[in-house]
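One structure is given here, and the rest of the page talks about it.
Chain letters run A, B, ... following the sequence lines, proteins first, then strands; residues in each count from 1.
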Amino acid sequence: AQSVTQLDSHVSVSEGTPVLLRCNYSSSYSPSLFWYVQHPNKGLQLLLKYTSAATLVKGINGFEAEFKKSETSFHLTKPSAHMSDAAEYFCVVSLFNDYKLSFGAGTTVTVRA
Amino acid sequence: DVKVTQSSRYLVKRTGEKVFLECVQDMDHENMFWYRQDPGLGLRLIYFSYDVKMKEKGDIPEGYSVSREKKERFSLILESASTNQTSMYLCASSVSSGGGLSTDTQYFGPGTRLTVL
């Protein structure tokens with residue numbers, strides 16, 4: 001079985017300050033991990049993915065995430081938030097050789113001017 | 001760019017109606033998926049298809065069926081709509097890269113917000 005827990009349902013940051021979105025997963029096997037972003041009234045867009053290569057993964061728009069097997073975590077960070085980062089973010093896990101993705105409940109990011 | 005389109009952005013139907021949600025992708029992807037998205041629950045997989053006329057149940061298939069007669073089109077059918085099917089429905093597609101299915105990026109459509117009265 002696999003599951004994903006996003007530890008914060010809502011994160012509020014000031015523009016120009018760091019963003020941290022926390023994600024823990026449980027899986028009996030080596031997973032693939034993804035972060036997707038959903039802007040208001042838009043479909044989901046892939047930010048980055050981990051597939052057992054480098055543990056620090058860089059994505060689009062300055063985001064990155066680090067896979068920590070010992071902590072079963074895949075936290076998403078960005079050094080400096082921009083107003084356009086206001087959106088909902090989903091942490092997603094998948095097992096090798098499985099079509100299915102398991103989505104976290106989502107974290108809504110608000111950016112204050 | 002991959003494009004996944006869904007037939008309607010907003011849909012309002014009455015209880016008991018038969019509802020069709022259509023999804024089309026233009027990148028010749030083998031895999032297509034239907035999810036529903038509800039606040040606090042993330043996305044849950046309803047059905048997916050890995051080839052024409054092939055389908056697999058996801059985590060919440062009850063009350064839904066699907067059809068894939070052509071590679072680019074995947075339809076979700078609510079045989080008799082109920083109020084608990086009011087939700088946002090998202091379609092996605094992915095290519096089978098052969099490198100392990102879990103690594104395949106899924107591309108999402110904009111969603112259809114369905115309200116059942």
Side-chain angles (χ1 to χ4, degrees), chain A residues 1-10 21-25 27-54 57 59-60 67 74 87-108, chain B residues 1-6 8-10 23-25 29-51 54-61 74 88-113:
Chain A
Q2 58 187 38
S3 69
V4 183
T5 302
Q6 292 184 241
L7 297 167
D8 307 288
S9 59
H10 187 234
L21 304 184
R22 298 181 294 166
C23 173
N24 286 104
Y25 70 93
S27 174
S28 303
Y29 304 95
S30 296
S32 291
L33 295 156
F34 308 76
W35 277 99
Y36 280 84
V37 62
Q38 185 179 33
H39 288 92
N41 299 315
K42 297 285 177 82
L44 276 73
Q45 179 185 18
L46 180 70
L47 273 179
L48 49 83
K49 65 180 178 181
Y50 165 78
T51 56
S52 75
V57 183
I60 62 171
F67 173 67
F74 191 57
E88 189 161 19
Y89 293 78
F90 293 95
C91 181
V92 185
V93 64
S94 178
L95 296 180
F96 183 80
N97 212 32
D98 189 344
Y99 291 102
K100 296 182 183 180
L101 301 179
S102 290
F103 285 77
T107 298
T108 300
Chain B
D1 280 351
V2 175
K3 192 161 187 184
V4 180
T5 56
Q6 296 182 229
S8 306
R9 292 301 303 275
Y10 300 93
C23 174
V24 177
Q25 50 95 3
H29 285 173
E30 290 82 7
N31 307 321
M32 296 189 75
F33 308 81
W34 274 106
Y35 295 90
R36 64 177 282 176
Q37 181 181 10
D38 299 289
L41 296 178
L43 275 71
R44 294 177 291 167
L45 181 65
I46 304 171
Y47 267 98
F48 67 96
S49 169
Y50 51 90
D51 201 351
M54 305 303 290
K55 60 185 179 184
E56 292 279 347
K57 292 181 180 180
D59 299 317
I60 52 164
F74 191 36
M88 171 71 86
Y89 290 87
L90 292 168
C91 175
S93 71
S94 70
V95 64
S96 284
S97 62
L101 299 168
S102 63
T103 66
D104 299 330
T105 299
Q106 292 189 16
Y107 296 87
F108 286 82
T112 296
R113 186 167 294 281

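For A:Gln6, no part lies under 4.5 angstrom from a heavy atom of chain B. Looking at B:Leu43, both its backbone and its side chain come within 4.5 Å of chain A, counting heavy atoms on both sides. Only the side chain of A:Tyr36 comes within less than 4.5 Å of a heavy atom in chain B; its backbone stays farther off. For A:Glu88, the part lying near chain B is the side chain, with the backbone staying farther off; criterion is any non-hydrogen pair under 4.5 Å. Using a 4.5 Å cut-off between heavy atoms, B:Asp59 touches chain A through its side chain atoms alone. For B:Gln6, no part sits under 4.5 Å from any heavy atom of chain A, backbone or side chain. The part of B:Arg9 that comes within reach of chain A is its side chain, from C-beta onward, which places non-hydrogen atoms under 4.5 angstrom from that chain.
Between B:Gly40 and A:Ala105, the closest heavy-atom pair is O-CB, 3.3 Å.
With B:Gln106 as the fixed residue, the side-chain contact (heavy atoms from CB on, under 4.5 Å) test singles out one of A:Leu46, A:Leu101, A:Val92: A:Leu101.
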